[in-house]
Amino acid sequence: MSAPTDTEAPQQPQPKRKFTFPSALTVLAIVTIAVWALAFLIPSGQYDRNDSGAPIQGTYHRVDSGQSIVDRLNDLFLSPVNGLYGILDPKTAVVAPDNTGDLYGSAGVFLFVLAIGAFITVVFATGALDRGIGRLAHRLRDRGALLIAGIMVVFSVLGTVEGFAEETLGFYGLIVPLMLALGYDRMTAVGAIILGAGVGVMCSTVNPFATGVASSAADISLGDGIILRFIMWIVLTAVTVAYVIRYAKRVGKDPERSLSGFLPGDRDRDQAQAEAHAVEVPELTGLHKAVLAVTALVFAFMIFSVVPWSSALTGKADATPYGFELGWSFPQLAALFLVAAVLVGIVARMGEQKLSATIIQGAADFISPALVILLARGVTVIMNNSKITDTVLHSIEGVVKGTSSGVFAIIVFVVNLPLAFLIPSTSGHATLAMPILAPLADFAGVSRAVVVTAWQAASGWMNLWVPTTAVTIGGVALAKVGYDKYLRFIWPLLAILFVLICGFVAAGAAWT
């Protein structure tokens, strides 16, 4: 091989690849293998159980898992299948797909996620929700504080009932020009959009992807704890809206105090107003109003169907259910949203072929969070079959033993903060953490619903700022605002929300 001559161009160094955080599916695949390997090192053990299947504090003892290396390899191989429809044998407490017993897998939640995905996709396909929000923003385009409050409250409502987050990315093209026209800056638009939806998700009342999945994994009703979550949602939404309006007014009075700065043309009020008024937002048609009405009624009925009204109104967990209570769970809710998707399609006159294609597309778009749920449940199956779940629970029991109920609730919130960063999927985080955290609530004498509330608050709080979420990074990019500047804007609010969340979960734990 000849040496290179002077005339040959020197080789250019290869550009370094930037690190990208792995997807939730990849993270859970790694977690699955790691937990399977750790099961060889962690001693097997179990608690005695009461009639409801909850562990009895102080009864932990070591046992032999009885698993051979072939059994363990089989559990690893079948973990996704067991995570979907594994059956728990009541005699051996082993989960396998061909057992006879109770369903241990997450098939019900899996189908529920696909069903609500189909429903949400059909609603967006009608254009009614987009146009409704657009009309609201356009109508309030000359009233700054009211525009900010209106946008944030609507986004927060959608966040708390259905996890509205990524959908906000489509509204920057409308809201950024409106904020500039009112004399504000781009950071105001970012705050209104990201924080509006984000605080709703953080204080989810019936959000199926957060509260729903976590409640299922904690073996409680979706409606348990809804009163605490509703009060928390009202207070934290009000605080967040006030924070953004305060910042906007400060920038309006003194543009030099803007954290994001201004791009060429941003300070030209006449040009900004012209651009804002040039945005065409068509009127809502009767068909759009009908779709919005149906959508609101569906979510209202969902809330009615899952709330344990007797317990909520009397404050007694063991209150006798009223005759009108439905007590619905995931099978019924999955059917509700499938029927509702068809109903919205009929109201919107989509036609059979378009409606069918949209429902299929909607289910396909939500297959990722659904797969995350079954993978996370598969990890739980590995821990169950190797009998290390109770060992892990026993080790954490020693940490929280002797703490007050309020301190316990705060610990649950704080512990879940790093977990929310490591497991970016809300559904996967819930499915993975709840089987361990929920029984701890029994030991601490706290309602499992408080654990669900503390967990989802931690997940939502982290998702307001971590760079691994598309909502945050995508939002600041669309608004042309630096991520570092966004962090400067949001950190005082994060501190305020942190304190308020700790107060709410501690009060909720003491109340229950």
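Predicted, not measured: the structure shown is a model, and the values here were computed from it.
- Between Ile501 and Ile410 there is no side-chain heavy-atom pair separated by less than 4.5 Å.
- When side chains are defined from C-beta on, Val294 counts as touching Leu343, because their heavy atoms get closer than 4.5 Å.
- Of all heavy-atom pairs spanning Ser258 and Val251, the tightest one is CA-CG2, 3.9 Å.
- Interatomic distance, CZ of Phe164 versus CZ of Phe155, reported as 5.0 Å (0.5 Å rounding).
- We find the CZ-OG distance between Arg488 and Ser260 to be 10.0 Å, quoted to the nearest 0.5 Å.
- In this structure, Tyr184 has its ring center no closer than 6.0 Å to that of Tyr247.
- For the pair Asp224 (side chain) and Ile220 (backbone), a donor-acceptor distance under 3.5 Å is absent.
- Here Glu167 pairs with nothing under the side-chain hydrogen bond (donor to acceptor under 3.5 Å, both in side chains) rule; sequence neighbours left out.
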(request) Show your reasoning for whether side-chain contact (heavy atoms from CB on, under 4.5 Å) applies to Met152 and Val199. (result) CA-CA 9 Å; Met152 293 185 71; Val199 74; 5.8 Å; no
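- Checking each of Asn463, Asn207, Leu464 against Met202 for a side chain to side chain contact (heavy atoms under 4.5 Å, CB included) leaves exactly one that passes, namely Leu464.
- Looking only at side-chain heavy atoms (C-beta outward), Thr295 and Phe119 come within less than 4.5 Å of each other.
- Across every non-hydrogen atom of Thr188 and Ala248, the tightest pair is CG2-CB, 3.6 Å.
- Checking Ser310 against Glu325 by side-chain atom types alone, a donor-acceptor pair falls below 3.5 Å.
- Remark: side-chain polar atoms of Ser106 are paired, donor with acceptor, to backbone N or O of Gly83 under 3.5 angstrom.
- Partners of Thr285 by side-chain hydrogen bond (donor to acceptor under 3.5 Å, both in side chains), not counting sequence neighbours, listed by chain and number: His288.
- In this structure, Ser459 OG and Leu417 CG are separated by 9.5 Å, a value rounded to the nearest 0.5 Å.
- Considering every non-hydrogen atom in both Ala420 and Ala458, the closest pair reads CB-O, 4.2 Å.
- Panel note: side chain Ser204, backbone Val201; a donor-acceptor pair is recorded below 3.5 Å.
- Proximity of a side-chain donor or acceptor of Trp328 to a complementary backbone N or O of Ile303 within less than 3.5 Å is not detected.
- A side chain to side chain donor-acceptor pair (under 3.5 Å) with Thr205 is found for exactly one of Thr160, Thr211, Thr453, namely Thr160.
- Checked against side-chain hydrogen bond (donor to acceptor under 3.5 Å, both in side chains), Ser156 has the following partners two or more places apart in sequence or in another chain: Trp233, Thr237.
- Between the Ser216 side chain and the Gly212 main chain, no donor and acceptor come within less than 3.5 Å of each other.
- Residues satisfying the ring pair (Phe, Tyr, Trp, His ring centres under 6.0 Å) criterion with Phe498, sequence neighbours excluded, are Phe413, Trp461.
- Side-chain contact between Leu292 and Leu284 is present, with at least one heavy-atom pair separated by less than 4.5 Å.
- For the residue pair Val190 and Ala479, the shortest heavy atom distance occurs at CG2-CB, 3.3 Å.
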(message) Under the criterion side-chain contact (heavy atoms from CB on, under 4.5 Å), I'd like the reasoning laid out for Met350 against Val122: C-alpha separation, chi angles, the key distance, then a yes or no.
(response) CA-CA 9 Å; Met350 295 180 72; Val122 170; 3.8 Å; yes
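- Between Val414 and Ile411 there is no side-chain heavy-atom pair separated by less than 4.5 Å.
- Rounded to the nearest 0.5 angstrom, Ile226 CD1 and Ser221 OG are separated by 9.0 Å.
- In terms of heavy-atom proximity, Ala149 sits nearest to Ile245 at CB-CD1, 4.2 Å.
- Within the 4.5 Å cutoff, the side chain of Trp511 has heavy atoms near those of the Ile227 side chain.
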(message) side-chain contact (heavy atoms from CB on, under 4.5 Å), that's the test. Do Ile133 and Leu158 meet it? Break it down for me.
(response) CA-CA 11 Å; Ile133 295 173; Leu158 293 171; 4.0 Å; yes
(request) Kindly indicate, with the supporting measurements, whether the criterion side-chain contact (heavy atoms from CB on, under 4.5 Å) is fulfilled by Val213 and Thr431. (result) CA-CA 7 Å; Val213 175; Thr431 308; 3.3 Å; yes
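- Aromatic ring centres of Phe299 and Phe337: separated by under 6.0 Å.
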(request) With ring-ring contact (aromatic ring centres under 6.0 Å, His included) as the test, would you mind laying out the steps for Phe110 and Tyr85 before giving the verdict? (result) CA-CA 10 Å; Phe110 182 89; Tyr85 64 89; over 10 Å; no
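- Between the CZ atom in Arg377 and the OG atom in Ser427 there is a gap of 13.5 Å [rounded to 0.5 Å].
- The list of salt bridge (charged side-chain N to carboxylate O under 4.0 Å, His left out) pairs with a residue in residues 179-192, not counting sequence neighbours, reads Arg186-Asp266.
- Here Ile490 contributes atom CD1 and Tyr243 contributes atom OH; the two are 7.5 Å apart, rounded to the nearest 0.5 Å.
- Listed for the Glu162 side chain is no donor-acceptor partner under 3.5 Å among the backbone atoms of Pro208.
- Taking the six-membered ring for Trp and the full ring otherwise, Phe366 and Phe209 have centroids separated by under 6.0 Å.
- Side-chain contact between Phe504 and Val235 is present, with heavy atoms from C-beta onward closer than 4.5 Å.
- In this structure the side chain of Leu493 reaches within 4.5 angstrom of the side chain of Leu195, judged on heavy atoms.
- With sequence neighbours left out, Arg448 forms a salt bridge (Lys or Arg N to Asp or Glu O under 4.0 Å) with Asp442.
- Of all heavy-atom pairs between Ala192 and Val244, the closest is N-CG1, 4.1 Å.
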